[in-house]
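What follows is a single structure, written as C-alpha cells, with notes after it.
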Amino acid sequence: MEIITTHKNSDFDAVASVFAATRIYEGASAVLPKSLNPNVKAFISLHKDLFAFKTPGEVGLAAVSRLVAVDAPRWSRLEGLKDLKAKKDLDIHIWDHHEGAGESCASAAFIEKVGATVTLLVRRLKRDKIPITPIEATLFLAGIYEDTGSMSFPSTTAKNAKAVAFLLAQGGDLAIIQNFLRPAYGPKQKDLLYKMLKTAQREKLDDYTVSIGILEIKGHVPGLSLVVDMYRDILNVDVAVGVFFEKTRDRCLVIGRSAPETVDLGPLCRYWAAAATPTPAARCCVM
Ligand SMILES: [Mn+2]
C-alpha cells in the first residue's frame, strides 16, 4: 500500500500537495493529520465528497510499502506514523520546498527552493498531461497563494507564477480562494506583534540591519509568519527573525524573513533554533 501524507497543523500548501500527489501516485491513499489549520478544514469539509482521505489511525501501517511525504521536512512533523520509521524496506519519496528536508532516507527526493511545495507537483501534472478539475486547480492555487502571500513574499519564484498561470487555465477560482485565505491576523497575532515591537532592537551585522524578536508562546498559534512579515515591514530592517518558544513543551519555532537578495537565513535560523532550546530533547522547526 502507498500512502501520501504531510505535516501536522497542515496549511493549504500541505493539503494541496497531498491531493496533487494522489494524481501522480495512482492508487495511493491520502492521509491527513487530524490537526488541519481551521481555514483548510473549512475548505475540505465543504468539498469532502471530492477530497477523500484517511486519518493516520485508519491506516494499517504494516501494509504500507511506500510513504510519500509532501511539504514535511522531518519525521517529527508527521502525525501518528512514527512506527513506519523503523520499517527497513519502506520506500520513501519526498516532495518539498524546505531546504535540508530529510532526503537522506528517501529513494526519490524532489526538493527545490520554490515558494510552495505544490508548485513542484503541479509542474509534474502539467508535464505528464494529467487532467485536473477546476476545484482541484482551486485547492492547488490556494496552496501557492497562502505560502507565497499571494505571490508577494520574497520566496516567490517564476516557477510559482508558471504554476499559477496553468492552474488558472484549468479553471482555478481566485474568488473562492479569497474566502479562505483571509490573513490569520487577529487579537492573538496583534498581541504577539505588539510584544515583539516593544522590545525590538535593531542591530547592524555586516552591511545589514537585523532585528531578532524572542517570545514565549502557549500552544499552537497560527499566522506567526504573518507576524514576522509585519514585524520586518514596520521596523524596516533587512532581516527579521522571530523565535517563538514553548517552555512547557520544550520546543520552538524560528521564522526568518529577509529582503530580497540579502542573506541566506537558513544558518541564522538554525543557530537560533539551537540557542532557544538547549536541551537535547527539544524540537525545533525552522521556516
Ligand atoms: Mn509549504
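Note that ligands are numbered from 1 as they come in the structure, with each ligand's atoms numbered from 1 the same way. Side-chain atoms are counted along with the backbone in the values below, which use heavy atoms only and exclude waters and symmetry mates. Here the structure is a predicted model, which means the values were calculated and not measured.
Residue side and main chain included, His98 places no N/O/S atom under 2.8 Å of the Mn ion (ligand 1). Put simply, Asp71 gets within reach of the Mn ion (ligand 1), with an N, O or S atom under 2.8 Å from it. Because the distance cut-off is set at 2.8 Å, Asp147 qualifies as a neighbour of the Mn ion (ligand 1) through one of its N, O or S atoms.
The salt bridge (charged side-chain N to carboxylate O under 4.0 Å, His left out) search around Asp229 returns Arg257, not counting sequence neighbours.
Between His47 and Phe51, the angle of the ring planes goes over 60°, which puts this pair in the perpendicular group of the 30/60° scheme.
Within Asp13, the N, O or S atom lying nearest to the Mn ion (ligand 1) carries the name OD2.
Within the 4.5 Å cutoff, the side chain of Leu174 has heavy atoms near those of the Tyr145 side chain.
Tested against Thr119, the residues Asn160, Thr156, Thr148 include a single side-chain hydrogen bond (donor to acceptor under 3.5 Å, both in side chains) partner, Asn160.
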